[in-house]
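To start, the structure itself, in structure tokens.
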Amino acid sequence: MTKLKIKSGDNVVVIAGDHKGEEGKVMRVITEKNKAIVEGVNLVSKHEKPNAKNPQGGIAKKEAPVHISNLALIDPKSKKATRVGFKMEGDKKVRFSKKSNEVI
């Protein structure tokens with residue numbers, strides 16, 4: 001299993017695919033499949049049966065997973081896509097932006 005460079009709560013941009021250029025916050029990372037669910041990106045229509053919570057039923061919009069390779073972290077300084085590196089600060093391993101060299 002490889003170490004993923006994107007964690008939940010990160011702000012990311014889609015760099016490939018139908019939703020290229022869209023930005024959002026990572027809600028959940030699925031490590032087994034190397035995918036992430038990003039808020040407001042890759043929305044799909046899901047048909048829902050009537051139930052106690054939703055007596056009418058209907059069609060709901062829901063985020064579908066996006067492959068990690070199609071996502072890039074947004075640099076906190078320049079607000080553009082950046083690659084992520086790891087370095088040691090003292091005895092702690094931290095992620096940093098390759099563009100601005102700033103700790104994420």
Side-chain angles (χ1 to χ4, degrees):
M1 196 163 115
T2 58
K3 172 78 173 147
L4 299 178
K5 298 182 177 184
I6 292 176
K7 295 181 178 180
S8 57
D10 287 344
N11 286 323
V12 294
V13 62
V14 180
I15 56 172
D18 294 340
H19 302 279
K20 182 176 180 175
E22 292 184 28
E23 296 180 12
K25 192 174 203 173
V26 176
M27 297 180 353
R28 193 162 75 100
V29 177
I30 306 162
T31 53
E32 304 84 47
K33 296 182 178 178
N34 285 345
K35 293 187 177 207
I37 296 175
V38 183
E39 194 175 1
V41 175
N42 198 18
L43 291 173
V44 294
S45 298
K46 179 96 171 111
H47 293 265
E48 291 184 344
K49 290 174 95 174
N51 56 28
K53 195 174 183 182
N54 187 7
Q56 189 65 37
I59 301 170
K61 292 281 187 182
K62 183 180 176 186
E63 288 97 355
V66 179
H67 200 271
I68 293 283
S69 65
N70 296 334
L71 300 175
L73 209 67
I74 295 177
D75 184 37
K77 215 176 209 177
S78 66
K79 304 291 186 220
K80 292 184 181 177
T82 182
R83 292 185 309 196
V84 180
F86 290 98
K87 65 181 176 182
M88 297 298 288
E89 275 193 357
D91 58 345
K92 193 173 184 184
K93 187 177 181 182
V94 294
R95 296 182 304 157
F96 72 98
S97 164
K98 294 255 185 153
K99 261 190 183 163
S100 65
N101 215 22
E102 196 170 301
V103 174
I104 299 168

Can you confirm whether Asp18 is buried at CG, in the sense that more than 12 heavy atoms of other residues, nucleotides or ligands lie under 6.0 Å from that atom?
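Incorrect, the count does not exceed 12.
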For atom NZ of Lys87, is the number of surrounding heavy atoms from other residues, nucleotides or ligands below 6.0 Å larger than 12?
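Check passes, neighbour count above 12.
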Donor-acceptor contact present, side-chain [X] to main-chain [Y], <3.5 Å:
X     : Y     : result
Ser45 : Ile59 : no
Arg95 : Lys5  : yes
Lys25 : Val38 : no

Is the shortest side-chain N to carboxylate O distance from Arg83 to Asp75 below 4.0 Å?
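Asp75 and Arg83: not salt-bridged.
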[atom1]-[atom2] distance between [X] and [Y], expressed to the nearest 0.5 angstrom:
X      : Y      : atom1 : atom2 : result
Asp10  : Ile104 : CG    : CD1   : 7.0 Å
Leu4   : Leu71  : CG    : CG    : 10.5 Å
His19  : Asn70  : NE2   : CG    : 10.5 Å
Lys35  : Asn42  : NZ    : CG    : 9.0 Å
Ser8   : Glu39  : OG    : CD    : 12.0 Å
Ser100 : Lys80  : OG    : NZ    : 12.5 Å

For the residue pair [X] and [Y], what are the closest heavy atoms and their distance?
X     : Y     : value
Ala72 : Ala81 : CB-CB, 3.8 Å
Ile15 : Lys20 : O-CE, 3.6 Å
Gly40 : Glu63 : N-OE2, 3.0 Å

Yes or no on side-chain contact (heavy atoms from CB on, under 4.5 Å) for Val12 and Ile74, after CA distance, side-chain angles and deciding distance?
CA-CA 5 Å; Val12 294; Ile74 295 177; 5.5 Å; no
Evaluate the criterion side-chain contact (heavy atoms from CB on, under 4.5 Å) for residue pair Glu89 and Val103; output intermediate values, then yes/no.
CA-CA 10 Å; Glu89 275 193 357; Val103 174; 3.2 Å; yes
Verify side-chain contact (heavy atoms from CB on, under 4.5 Å) between Val13 and Glu22, making sure each step is shown before the conclusion.
CA-CA 6 Å; Val13 62; Glu22 292 184 28; over 6 Å; no
Quick check on the hydrophobic clustering: are Ile37 and Ile6 connected, directly or via other members, by side-chain heavy-atom contacts under 4.5 Å?
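Ile37 does not cluster with Ile6.
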Are Leu73 and Phe96 connected, step by step, through hydrophobic side chains (Ile, Leu, Val, Met, Phe, Trp, Tyr) whose heavy atoms are closer than 4.5 Å?
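Looking at the clustering, Phe96 is in a separate group from Leu73.
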When you look at Val26 and Arg28, which way does the side-chain contact (heavy atoms from CB on, under 4.5 Å) test go after all the steps?
CA-CA 6 Å; Val26 176; Arg28 193 162 75 100; 5.9 Å; no
